[in-house]
Colleague: 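First the structure, then my questions, so here it is.
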Amino acid sequence: MNVTCCNRPLFWLCATVFFFVASIATAQEGVISDNAVNAVAEKMYCPVCENIPLDECQTRACIEWKEEIRLQLAAGKDEAAVIGSFVQRFGDQVVGIPQDPVLRGLTVVTPILVLCLAIALGAYTFSRFGGHRRLRVSDEVDLSATIADDVYRQRLEEDLAARR
């Protein structure tokens, strides 16, 4: 009995399985996972909808953008390069945080300045229109009104005493 004759189908079967597994493994290396695409897409916004993150939106434009992200990641670009390419083509509105350092600084400083201005305006308003007003030297006191008040008070006390 010939030994090579019996092992030949087994050899071809093993070789076929090995090449099939190797081709699947090779194909998987070039495939970018959905998690990797969504990690980039969650930092970007839908070009059609307002304030909807790209990873949550299911419009046709968003699906095309996600596929483009997948292709760029498969080509070897990192996350910053992919986002940079979209910002370069479509502007800062595709990302939630402005890419320009001046604009990024303004988004941090502006609310702080507005808050300080509101506090200063409130303090000025309370100090100006508060109930504690001091008499100034320049304020004139009407002495005749003070004397008239004393006369009225004395007369009122006399009337009350007479009624008792």
Colleague: Starting from Leu113 and following side-chain heavy-atom contacts under 4.5 Å between hydrophobic residues (I, L, V, M, F, W, Y), which residues can be reached?
Modeller: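 Traced through the cluster, Leu113 reaches Val109.
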Colleague: Excluding sequence neighbours, so at least two apart, what forms side-chain contact (heavy atoms from CB on, under 4.5 Å) with Ala61?
Modeller: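 Here the qualifying residues are Pro47, Val48, Thr59.
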Colleague: Nearest heavy-atom pair of Val94 and Phe90: which atoms, and what distance?
Modeller: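 Closest heavy-atom pair between Val94 and Phe90: CG1-CB, 3.5 Å.
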Colleague: Rounded to the nearest 0.5 Å, what separates atom CD1 in Ile83 from atom CD in Gln72?
Modeller: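 It comes to 10.5 Å.
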Colleague: Between Lys66 and Val37, which heavy-atom pair has the shortest distance, and what is it?
Modeller: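 Closest pair (atom of Lys66, atom of Val37, distance): O-CG1, 3.7 Å.
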Colleague: Say whether Val87 and Val40 are linked into one hydrophobic cluster, either directly or through other cluster members, by side-chain heavy-atom distances under 4.5 angstrom.
Modeller: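 Yes, because Val87 and Val40 connect within a single hydrophobic cluster, where side-chain heavy atoms sit under 4.5 Å apart.
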Colleague: Could you grab the distance from atom OG of Ser85 to atom CD of Glu68, nearest 0.5 Å is fine?
Modeller: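 These two atoms lie 6.5 Å from each other.
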Colleague: Looking only at heavy atoms, what is the nearest atom pair of Gln93 and Tyr45, with distance?
Modeller: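 Answer, listing the atom of Gln93 first, then Tyr45: O-CB, 4.2 Å.
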Colleague: Quick one: CD1 on Ile63 to CG on Leu54, what's the gap to the nearest 0.5 Å?
Modeller: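 Ile63 atom CD1 to Leu54 atom CG measures 10.0 Å (nearest 0.5 Å).
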Colleague: Asp34: what forms a salt bridge (charged side-chain N to carboxylate O under 4.0 Å, His left out) with it, not counting sequence neighbours?
Modeller: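 Checked Asp34 against salt bridge (charged side-chain N to carboxylate O under 4.0 Å, His left out); matches are Arg70.
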Colleague: Under 4.5 Å between any side-chain heavy atoms of Val95 and Lys43, yes or no?
Modeller: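 A side-chain contact under 4.5 Å is absent here.
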Colleague: Should we say atom CZ of Arg89 is surrounded by more than 12 heavy atoms from elsewhere, each under 6.0 Å from it?
Modeller: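 Yes.
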Colleague: Using a 3.5 Å distance criterion without hydrogens, assess whether the side chain of Asp78 forms a donor-acceptor pair with backbone atoms of Ala81.
Modeller: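 Flag set: sc Asp78 to bb Ala81 pair under 3.5 Å.
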Colleague: Are Arg128 and Phe126 in a cation-pi setup, meaning NZ or CZ lies under 6.0 angstrom from the ring centre and within 45 degrees of the ring axis?
Modeller: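 No - Arg128 does not lie over the ring of Phe126 by the 6.0 Å and 45° rule.
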Colleague: Looking at every non-hydrogen atom in both residues, tell me the closest pair between Ala39 and Glu79 and how far apart they are.
Modeller: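 Smallest interatomic distance, heavy atoms only, reads O-OE1, 4.3 Å.
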Colleague: Can you find a heavy atom in the side chain of Ile69 that is under 4.5 Å from one in the side chain of Met44?
Modeller: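 Of all side-chain heavy-atom pairs linking Met44 with Ile69, at least one is under 4.5 Å.
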